[in-house]
Participant: 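To start, I am sharing the structure in question, which I have written as structure tokens.
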Amino acid sequence: MDGALRLWTVILAVGAINYASRLSFIAFFARRSMPPLLARALKYVPVAMLTALVVPMLVVPMSLPAAPGINPRIVAAIVAAAVAFVTRGTLKTIGAGMATLWLLRWLAG
Amino acid sequence: MRHILLHADFREGFVEMLPACAALTPFGVVTGVGAAAAGADFSGAMGMSAIIFSGAAQILASQLLASGAPVAVVILTCAVAGLRFLMYSAAMAPYLKPLPPRWQNTLAFLLTDQAFAASIRRFNAKDDPHGGALHFLGGGIAMWGMWQITNAIGYFAGNLIPPAWSLDFAVPLCFVALVAPLLRDVPLVVAALVGGIAVFALDGMPMKLNLIVAGVLGIVAGMLTDLARERWTAR
């Protein structure tokens with residue numbers, strides 16, 4: 001399959017699945033309440049999935065030659081995580097992370 | 001159509017959503033950057049933002065497709081990330097019950113974390129399902145429109161700004177900004193740790209299946225920790 005066909009297959013399928021999830025209890029299971037165990041599991045979907053998504057982006061840098069010893073992306077991400085934990089601000093987090101990455105690369109020459 | 005757009009409840013919902021839209025701007029821009037970094041063309045990037053309408057799923061789709069994962073695996077992984085919509089759907093269902101199916105089907109498409117929060121407030125404040133639905137529609141359309149604009153800006157920024165700036169690094173940082181503030185409860189920390197370690201440890205799995213397996217392991221670990229703690233404190 002070529003790239004555009006792959007992308008549009010994913011767009012339509014994921015769009016349909018997301019819409020079905022959004023519609024689920026509003027329309028399909030309107031008479032049922034959410035099973036308690038399912039409700040408990042769903043609480044952990046964002047943290048588990050998003051962390052699994054982020055780690056490969058840090059460990060396998062796509063556009064950066066790794067400095068010997070430390071991976072600047074991991075250090076920058078840790079700084080950003082500390083800022084996010086304390087301030088809860090998205091812009092502050094992105095700013096701190098990008099600044100740390102640029103600083104480390106400048107120091108490494 | 002015109003009578004809907006002129007309705008006071010619709011405009012109120014639209015205006016009330018604008019601060020949340022502004023707060024979501026970095027995420028929208030970063031999602032567009034992610035699409036550009038993965039090599040999607042403009043129509044594909046905008047198709048994702050218009051139809052998928054979920055930042056996490058869009059970035060997963062861009063990344064996995066760029067890495068050459070099979071289409072079925074991409075779809076399955078995005079579907080798991082989208083499971084949280086079940087939670088919002090269940091919470092929203094009682095408020096939308098009095099409305100005709102046409103309204104339910106429309107509003108469900110616009111259901112996002114932010115629209116959910118804003119309209120629950122409104123539905124609770126006034127016992128007026130139709131006014132609440134118009135309010136939800138106004139907020140949902142504001143959010144959808146803003147999402148398209150910010151995604152487009154990010155797509156062009158991602159293609160224009162030199163790669164030396166590593167703008168693609170803003171993508172993981174945006175997720176760090178979403179996840180790190182949540183890590184104030186032990187089961188959530190366990191879910192994140194297990195998800196993060198498992199995706200790294202299982203890197204050898206074919207077809208990028210490690211992402212979905214790690215996500216599911218993290219969810220199960222968080223839930224088990226939660227159940228264990230409940231047992232422990234109940235004794």
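Proteins get letters first, then strands, A, B, ... in listed order; numbering begins at 1 in each.
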Participant: Tell me whether B/Gln148 contacts the main-chain N or O of B/Ser49 through its side chain, where contact means a donor paired with an acceptor under 3.5 Å.
Facilitator: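 Answer holds: yes.
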Participant: Contact part of B/Ala38 toward chain A, heavy-atom cut-off under 4.5 Å: side chain, backbone, both or neither?
Facilitator: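 For B/Ala38, no heavy atom lies under 4.5 Å from chain A.
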Participant: Specify the closest pair of heavy atoms between B/Ala56 and B/Phe27, including all atoms of both residues, with the distance to one decimal.
Facilitator: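 Smallest interatomic distance, heavy atoms only, reads N-CZ, 4.0 Å.
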Participant: Could you tell me which portion of B/Asn210 (side chain, backbone, both or neither) has an atom closer than 4.5 angstrom to a non-hydrogen atom of chain A?
Facilitator: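 Contact with chain A involves no heavy atom of B/Asn210 at all.
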Participant: Can you say whether B/Tyr95 sits under 4.5 Å from chain A via the side chain, the backbone, both, or neither, judging by heavy atoms?
Facilitator: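 Answer is neither: B/Tyr95 stays 4.5 Å or more from chain A.
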Participant: Heavy-atom pairs under 4.5 Å with chain A are the metric here; pick the option from B/Phe169, B/Trp165, B/Phe175 that has the most.
Facilitator: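 Of B/Phe169, B/Trp165, B/Phe175, B/Phe169 has the most heavy-atom pairs under 4.5 Å with chain A.
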Participant: CZ of B/Phe200: more than 12 outside heavy atoms within 6.0 angstrom?
Facilitator: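 No - once you tally the heavy atoms of other residues, nucleotides and ligands closer than 6.0 Å, there are 12 at most.
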Participant: Relative to B/Phe116, does A/Arg22 satisfy both conditions: NZ or CZ under 6.0 angstrom from the six-membered ring centre, and within 45 degrees of the ring's axis?
Facilitator: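 A/Arg22 over B/Phe116 ring: no.
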Participant: B/Ala57 versus chain A, heavy atoms under 4.5 Å apart: side chain, backbone, both or neither?
Facilitator: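 Answer is side chain: those atoms of B/Ala57 sit under 4.5 Å from chain A.
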Participant: Looking only at heavy atoms and a cut-off of under 4.5 Å, which of B/Leu188, B/Val30, B/Leu110 has the most pairs with chain A?
Facilitator: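 Ranked by heavy-atom pairs under 4.5 Å with chain A, first place is B/Leu188.
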Participant: Using a cut-off of under 4.5 Å on heavy-atom pairs, state which of B/Ala180, B/Ala66, B/Ala91 scores highest against chain A.
Facilitator: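 Highest number of pairs under 4.5 Å: B/Ala180.
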Participant: What part of B/Leu96 is in contact with chain A, defined as an atom under 4.5 angstrom from a non-hydrogen atom: side chain, backbone, both or neither?
Facilitator: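 Looking at B/Leu96, just its side chain touches chain A.
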Participant: Checking B/Pro94 against chain A: side chain, backbone, both or neither under 4.5 Å from a heavy atom?
Facilitator: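 For B/Pro94, no heavy atom lies under 4.5 Å from chain A.
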Participant: Between B/Ser62 and chain A, with a heavy-atom cut-off of 4.5 Å, which part of the residue counts as in contact: side chain, backbone, both or neither?
Facilitator: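 When you check distances to chain A, no heavy atom of B/Ser62 falls under 4.5 Å.
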Participant: Mark yes or no for whether B/Ser166, through its side chain, and B/Asp168, through its backbone, hold a donor-acceptor pair below 3.5 Å.
Facilitator: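 Pair absent, no side-chain N/O of B/Ser166 close to backbone of B/Asp168.
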Participant: Can you tell me if A/Arg32 has over 12 outside heavy atoms packed within less than 6.0 Å of its CZ?
Facilitator: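 Open: at most 12 neighbouring heavy atoms sit under 6.0 Å from CZ of A/Arg32.
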Participant: Under a 4.5 Å heavy-atom cutoff, which of B/Gly47, B/Gly218, B/Gly82 has the most pairs with chain A?
Facilitator: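 Highest number of pairs under 4.5 Å: B/Gly47.
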Participant: Under a 4.0 Å N-O cut-off, is there an ion pair linking B/Arg231 with B/Asp226?
Facilitator: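 No salt bridge links B/Arg231 with B/Asp226.
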Participant: Looking at side-chain heavy atoms only, is the closest gap between B/Leu173 and A/Met98 below 4.5 Å?
Facilitator: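 Heavy-atom side-chain distance check passes, below 4.5 Å.
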Participant: Do you know which of B/Arg184, B/Met48, B/Met223, B/Arg84 has the most heavy-atom pairs with chain A at a distance under 4.5 angstrom?
Facilitator: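 That would be B/Arg184.
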Participant: Taking side chain as everything from C-beta outward and backbone as N, CA, C, O, which of these in B/Val176 sits under 4.5 Å from a heavy atom of chain A? Side chain, backbone, both or neither.
Facilitator: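 Both backbone and side chain of B/Val176 come within 4.5 Å of chain A.
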Participant: Is chain A contacted by the side chain of B/Leu86, its backbone, both, or neither, given a heavy-atom distance below 4.5 Å?
Facilitator: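 Contact with chain A is through both the backbone and side chain of B/Leu86.
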Participant: Give the member of B/Ala214, B/Ala192, B/Ala191, B/Gly195 that has the highest number of heavy-atom pairs under 4.5 Å with chain A.
Facilitator: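 Highest number of heavy-atom pairs under 4.5 Å: B/Ala192.
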